[in-house]
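Data first, discussion second: the structure below is written as structure tokens.
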Amino acid sequence: MTLFPASPEHADLGTPAGPAPHRFARVVPERPLDRYPDGLTYAVPDSLSLAVGTRVRCPLARQRTPVNGWVVEVGGAELLEGLDPRKVRAIEGIDPLACHVPATVIELGQWVAAYYCCPLGVTLPSLVPAAVRRGVGTKSIKFVELAVSPAETPRGLSPRQRAVISTLERRTSADGPIALESLRVEAGLATAAAIESLARRGVVTVTEQSTVQAKWREHSLPGSAEEVTLSTDQGRVVQSIGRSIGGGFSTHLLRGVTGSGKTEEYLRLIRRVLAEGRSALVLVPEIALTPQTTGRLLARLPGQSVAILHSGLTEAQRHEQWRAASQPGAKVVIGARSAVFAPIPDGELGLIVVDEEHDSSYKQDQAPRYHGRDTAIRRAQLARCPIVLGSATPSLESWHNAVDRLNSHLHELPGRAPGLSTPTVRIVDFRAEQRQWKDKRVHLIGPTLHRELERTLAAGRQAIVLLNRRGYANWVACGAGGACEWRATCDRCDAPLVVHRLREGAGASRSFVRCHHCLQELRLPKECPQCRGKVSVFGLGTQRVEDEMGRLFPALLAEGAMQRVDSDTMESSLHFHTALGRFASGQCRVLLGTQMIAKGLDFPGVGLVGVISADTSLHMPDFRAAERTFQLVSQVAGRCGRGSGGGVAVVQTFAPDAPAIVRAAAQDFVGFATEELAQRAAHRLPPAWRMARIVVRDQLEGGAADAADALANGLRGLPTSSNCRILGGSPCPIARINELYRSQVEVMAPGAAQLSALLTDARDRSLLHLGERMAVDVDPLSML
Ligand code: ADP
Ligand code: ZN
Ligand code: ZN
């Protein structure tokens, strides 16, 4: 149970008749005001106790009711900067929900707002979960204490009132205050009327305290509590990273092949930090990794305080865990991206771990568009503690920092943990396999993968089958042949419609099409609207693989031993958790899904990984296409061979010679990264250069294009852009989403400092109108 103070009294809102105020605070109202990047100055009434990080209520312009705001600075007359102290408006009170974040988190928010070009009034509230800001799950509990000594107890009390008094008198001071409900029960009363009448007479005092309590169900997959002996390599890495614990800020990149036992390394480092009485923050990618990593860490940290923060929690759980993270004392906080802002008290953080640091779910796709990993590095800098970035396939950004610069230390685990074998990766040329079929059916599982699946299942082992595309098929077009080129596209977006199937029980199913951008759903057209020809459905999707698996392995289907895992079937983390639980127990034999199953899973029964198409990410209009393909293939291949009996990965592709695929199959990260970095540098792309992408939206096609052109020209005219390249305005690769046209300007700078200088300059000159119409994405990951 987490306790925190109840509603503080509100300040008196008197107008300044008395002496001029002498305490002031700078407050950032929760409004998108980009004109006041440092907040507004308010007077602090004497009755208020506040600090940097306190959420307050303050008057704003002509608003009738006060707005919420965050204190970013507290001081004296120096904050006035020439304002008349009597004209400065006063803070009205402290947020009744008692939201308070440590000063370091405010400082981190200021960095996010500046670096990622987002108004501070939008950034600061987003650092705290909405559930906390709304107080979800807060219950008020009344406590009762005696207000008078036994000698002062008035006469003429009723028997019920006397029962209350004697119950209270039996308690010692060590028992602490008793909750009103417990007192009622202990005194044997049916109602609280006697306690309330005593309170009215001043014999007892009743105080209220807020507490957050959430209902919990299993939120992690149970992990093994067994201790292991570190391998020589593991021991060496723990030693060398361990030396920097307590020694200030340092960055460590831990590159360990999949299955090298990185989690074990994190665990040892976390234990050291806890033993020194400090806390550790562990970031994991969005839900996929949380159930297993969390379970493993929890099992190995018995008796320690652990707070868990991720999007799969209920609102009340999130609030409760956030409060737990804010309590003083050594603890571990584990969470997804936004946990980087966890309210761990200042001076307490001793270590940050970012697991699977290359994962794109660390980047937030709405304002503030921060990167969780880079923000974590900044937090470690502010907290003066080491940060460990771990991955089998580091992002080129982190790799570049580690190999080319001195501010990041590289540690490597070249081999798998004791007892694990290295998977054999086989690249299958799907063009050649396709020629073997005589029928006209679309086949997604080639003969090689089919044979391996049969072998694996016959041997009683499990398989993971990956296709990084949801739905049934992604290509609906006129099948009449001839001149007609009709293809089903969304009427609100410049995007194709994707076929989905809905099972309706008893083997029946119904097809419909859905736009993956605006999410509208339509009937699957029966005939081509242009020539009335028949409609054909092509392309790939996890549902189609599921169908084919069902045809090839009817027994799997009959036993319910195959599970599709993608965001269509996994509505909540509980579904995902259940699916993984069935796989762990062996009830489920084949896990089929999107990249949700490519990451971090550790199941010893997996003997085979099949990649239906390694090409889905290879041909995207994105300079990171090769890097994504390399990561996906390496990561998914790494899911097999974790038990005895070895493992095989079968990778189907139409591009068997693509370097990203060849290098991934050979587990040659260094070769891939070296070549790719050279390419990026030659093309002046990240990480050699820094980039920002600015997207302008408008109802009119010309509106978006004109605004982007004007912005591009404005930026080119700034002296700060002299070393930079400004590309565009040009239409975005997806030029219309949800009836809004989209144009973009891409800004490339030789370094972070130049990029920041240019964007700050543009912001100061009001070239950037941050909001609905214009989105600035610094270090963007999505290029669509
Ligand atoms: P990674 O995160 O690098 O992919 P994991 O941390 O998942 O690797 O470790 C892979 C498996 O090997 C886990 O089941 C883990 O418990 C086990 N393991 C790790 N280190 C050792 C060790 N020193 N001895 C025995 N088993 C180990
Ligand atoms: Zn659409
Ligand atoms: Zn047609």
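Read the numbers this way: they start at 1 and go in the same order the structure lists the ligands and their atoms.
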Notebook entry, point to check: Is the NZ or CZ atom of Arg501 both under 6.0 Å from the centre of the six-membered ring of Tyr472 and within 45° of that ring's axis?
Noted result: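 Yes, cation above the ring, under 6.0 Å and within 45°.
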Next item on the list: Provide the number and element of each atom of ligand 1 under 4.0 Å from a heavy atom of Thr229.
Entry: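 In order of number, 22 (C), 23 (N), 24 (N).
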Item checked: Element-labelled atoms of ligand 1 that are located less than 4.0 Å from some non-hydrogen atom of Ser231 ->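 Answer for ligand 1: 23 (N).
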Considering only protein heavy atoms, which is closest to [atom], and at what distance to one decimal place?
atom	result
atom 3 (O) of ligand 1	Lys262 NZ, 2.8 Å
atom 20 (N) of ligand 1	Gln234 NE2, 3.0 Å
atom 10 (C) of ligand 1	Arg642 NH1, 3.5 Å

Note to self: Run the salt bridge (Lys or Arg N to Asp or Glu O under 4.0 Å) test on Arg271 and Glu227 for me, step by step, so that the C-alpha distance in whole Å, both residues' side-chain angles and the decisive distance to 0.1 Å come before the verdict.
What the structure shows: CA-CA 13 Å; Arg271 282 186 181 158; Glu227 288 297 319; 2.7 Å; yes
Checklist line | For Ser617, the option from Asp622, Asn468, Thr629 that meets side chain to side chain donor-acceptor pair (under 3.5 Å) | finding: Thr629
Identify which of [options] has a heavy atom lying nearest to [atom].
atom	options	answer
atom 12 (O) of ligand 1	Leu420, Asp602, Thr232	Leu420
atom 27 (C) of ligand 1	Ser260, Gly259, Ala417	Ala417
atom 8 (O) of ligand 1	Gly638, Gly256, Gly390, Gly261	Gly261

Next item on the list: Begin with the C-alpha distance, continue with both residues' side-chain angles, and end with the deciding distance and a verdict on salt bridge (Lys or Arg N to Asp or Glu O under 4.0 Å) for Glu226 and Arg300.
Entry: CA-CA 8 Å; Glu226 208 179 307; Arg300 303 287 300 283; over 6 Å; no
Margin query: Assess whether a salt bridge exists between Glu276 and Arg272, defined as any Lys/Arg side-chain N lying under 4.0 Å from an Asp/Glu carboxylate O.
Written below: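 Salt bridge: no.
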Checklist line | Pair Arg663 + Glu676: basic N to acidic O under 4.0 Å | finding: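 Between Glu676 and Arg663 there is no salt bridge, as every charged N stays at least 4.0 Å from the carboxylate O atoms.
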In this structure, does ligand 1 have an atom that sits under 4.0 Å from one of the heavy atoms of [X]?
X	answer
Gly419	no
Val257	yes
Arg296	yes

Notebook entry, point to check: Which bit of Thr263 is near ligand 1, meaning a heavy atom under 4.0 Å away: side chain, backbone, both or neither?
Noted result: both
Item checked: Short N or O distance, Thr258 and ligand 1, threshold 3.5 Å exclusive ->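 In fact, backbone or side chain, Thr258 has no N or O that close.
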Check: Any idea how Phe512 and His500 line up, ring-wise: parallel (<30°), tilted (30 to 60°), or perpendicular (>60°)?
Finding: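 Because their plane-to-plane angle is under 30°, the rings of Phe512 and His500 count as parallel.
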Margin query: Once you measure the plane-to-plane angle for His252 and His409, does it fall in the parallel (<30°), tilted (30-60°) or perpendicular (>60°) bin?
Written below: parallel
Checklist line | Opening angle at the Zn ion (ligand 2) [SG, Cys515; SG, Cys518; to 10 degrees] | finding: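 Seen from the Zn ion (ligand 2), SG and SG are separated by roughly 110°.
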Notebook entry, point to check: Does some side-chain heavy atom of Val425 sit less than 4.5 Å from a side-chain heavy atom of Val651?
Noted result: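 Yes, side chains in contact.
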Checklist line | Contact check: Cys493 to the Zn ion (ligand 2), N/O/S below 2.8 Å | finding: yes
Next item on the list: Mind reading off the angle at the Zn ion (ligand 3) between the SG atom of Cys528 and the SG atom of Cys531, rounded to 10°?
Entry: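 Approximately 110° at the metal, rounded to tens of degrees.
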Note to self: Out of the candidates Val354, Leu309, Val333, only one should pair with Leu283 under the side chain to side chain contact (heavy atoms under 4.5 Å, CB included) rule; please name it.
What the structure shows: Val354
